[in-house]
2 protein chains.
Amino acid sequence: MTQPRRRRAATEEKVRRVLDAAEEIMLHEGYAAVTSRNVAERVGLTAPLLHYYFSTIDDLFVAMLRRRSERIVERMAAALTSPRPLRAWWDLASDPRGTALFIEFLAAANHRPALRAEMGRVAREVRRMQMDVLDKILPEYDVDPDEFPPALVAATMQGLGLALVADETAGHETAHEQARAAMSRLVDRIEQRRTRQHGAG
Amino acid sequence: MTQPRRRRAATEEKVRRVLDAAEEIMLHEGYAAVTSRNVAERVGLTAPLLHYYFSTIDDLFVAMLRRRSERIVERMAAALTSPRPLRAWWDLASDPRGTALFIEFLAAANHRPALRAEMGRVAREVRRMQMDVLDKILPEYDVDPDEFPPALVAATMQGLGLALVADETAGHETAHEQARAAMSRLVDRIEQRRTRQHGAG
DNA sequence: GTCTATATTGAGATAGAC
DNA sequence: GTCTATCTCAATATAGAC
């Protein structure tokens, strides 16, 4: 019982910094730039030493996704139980950093089975949460669930966030500011309609 | 005037096959798998020989995107002038192959400036076309352009396509079949409303 | 004009030193 | 338990043969 007594602080701190660095690289240079050398250099380590903390690069990617998805699940749960669920959800779905990283993970998972499996688990859990909440609250928003079923609403929220952030971060001139502003107004209007009918709460 | 008289067929045919192979690899193994070796092997060439046809890998990526985007612009123009523009547009936006490739280009452009510039040009041209048409036809669909401006409608079409195809190709269990079916019904309903009011044509 | 032999760099990973 | 010296392989690219 004395082996794991040693202070883990140093190692855990290093792991955290490695994950931070990897995330930064992935965000600004793409997932293909997340290499042993690149990440190690940014944290002041050597490339082989990085393999001490993460045996394979796959392990590193999965660890990155795990840490991110924990936060996402937490924040999505909080958003969905907040007084204005759609508003909070949209803020999350259109968050530039989170969404840009999501696009990278999406592409990286295409040729990394371990990552794809992990992505599947997260996607399923998050979508489940969203649809459970939508089942209950869509009627309160005066939305006909036959015309706009939860699955469609959820996919639209995510997809619109993806499209906007993709254009924004790449700097494409596609009137994304107008689209973002219009969506924001739309969400506010819908929330107001519900608040008026079902009280603030 | 006799230099370019030689038959280009052989070379052009090879270039075409190289682009086909590269596209196939990008689709199934991700953009990072598009390497000289991989592509060359699939076409029965050697890696260095591939550099005879495309000096740099950047050149190859840009050529791939150019060829694809020509088709996209053509098909989108045809869709937007068809009798049921929204329907035709949605068929394009939710096409699995085209959209999956688009996601890869999106991620690849993140760290390839030449590719990013080309992506920007295409995105801008396509969005411009879409918004010009929407300006005219949204009223015919009985859609309030103040609540759903062209920029928002266009981004939503693209985004929903992205989200659906991403889940479909990765095999995520996120009720994407329901979402796709609901969107298809919705588009049909909207088209019918317009046809009834403005005649078939 | 078309293709091959070869250079150079950097990737992921391991055996073994401290 | 932590880190370093080193291996292998694959990537892009070029010089130069045919």
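The sequence lines fix the lettering, A, B, ..., with proteins before strands; numbering per chain opens at 1.
Residue A:Thr46 places none of its side-chain N or O atoms closer than 4.0 Å to OP1 or OP2 of D:dC3. Taking side-chain N and O atoms only, A:Tyr52 has no distance below 4.0 Å to OP1 or OP2 of D:dC3. When the side-chain nitrogen and oxygen atoms of A:Ser36 are compared with OP1 and OP2 of C:dG12, one or more of them lie within a distance under 4.0 Å. At the phosphate of C:dC3, OP1 or OP2 sits under 4.0 Å from a side-chain N or O atom of B:Tyr53.
Rounding to the nearest 0.5 angstrom, the gap separating the CG atom in A:Leu27 from the CZ atom in A:Arg97 is 5.0 Å. To the nearest 0.5 Å, atom CD of residue B:Glu140 and atom CD1 of residue B:Ile190 are 13.5 Å apart.
A donor-acceptor pair under 3.5 Å is formed between the side chain of B:Glu104 and the backbone N or O of B:Tyr31. In this structure a side-chain-to-backbone donor-acceptor pair under 3.5 Å is missing from A:Ser184 to A:Arg180.
Computed from coordinates, the B:Phe61 CZ to D:dA11 P distance equals 12 Å when rounded to whole Å. Rounded to whole Å, the distance from CD on B:Glu41 to P on D:dT12 is 13 Å. A:Ile57 places its CD1 atom 6 Å from the P atom of C:dA13, with the value rounded to the nearest Å. The CG-P distance, from B:Leu49 to C:dG1, rounds to 16 Å in whole Å.
No hydrogens or angles were tested; on distance alone, nothing pairs the side chain of B:Arg37 with the base of D:dA10 as donor and acceptor under 3.5 Å.
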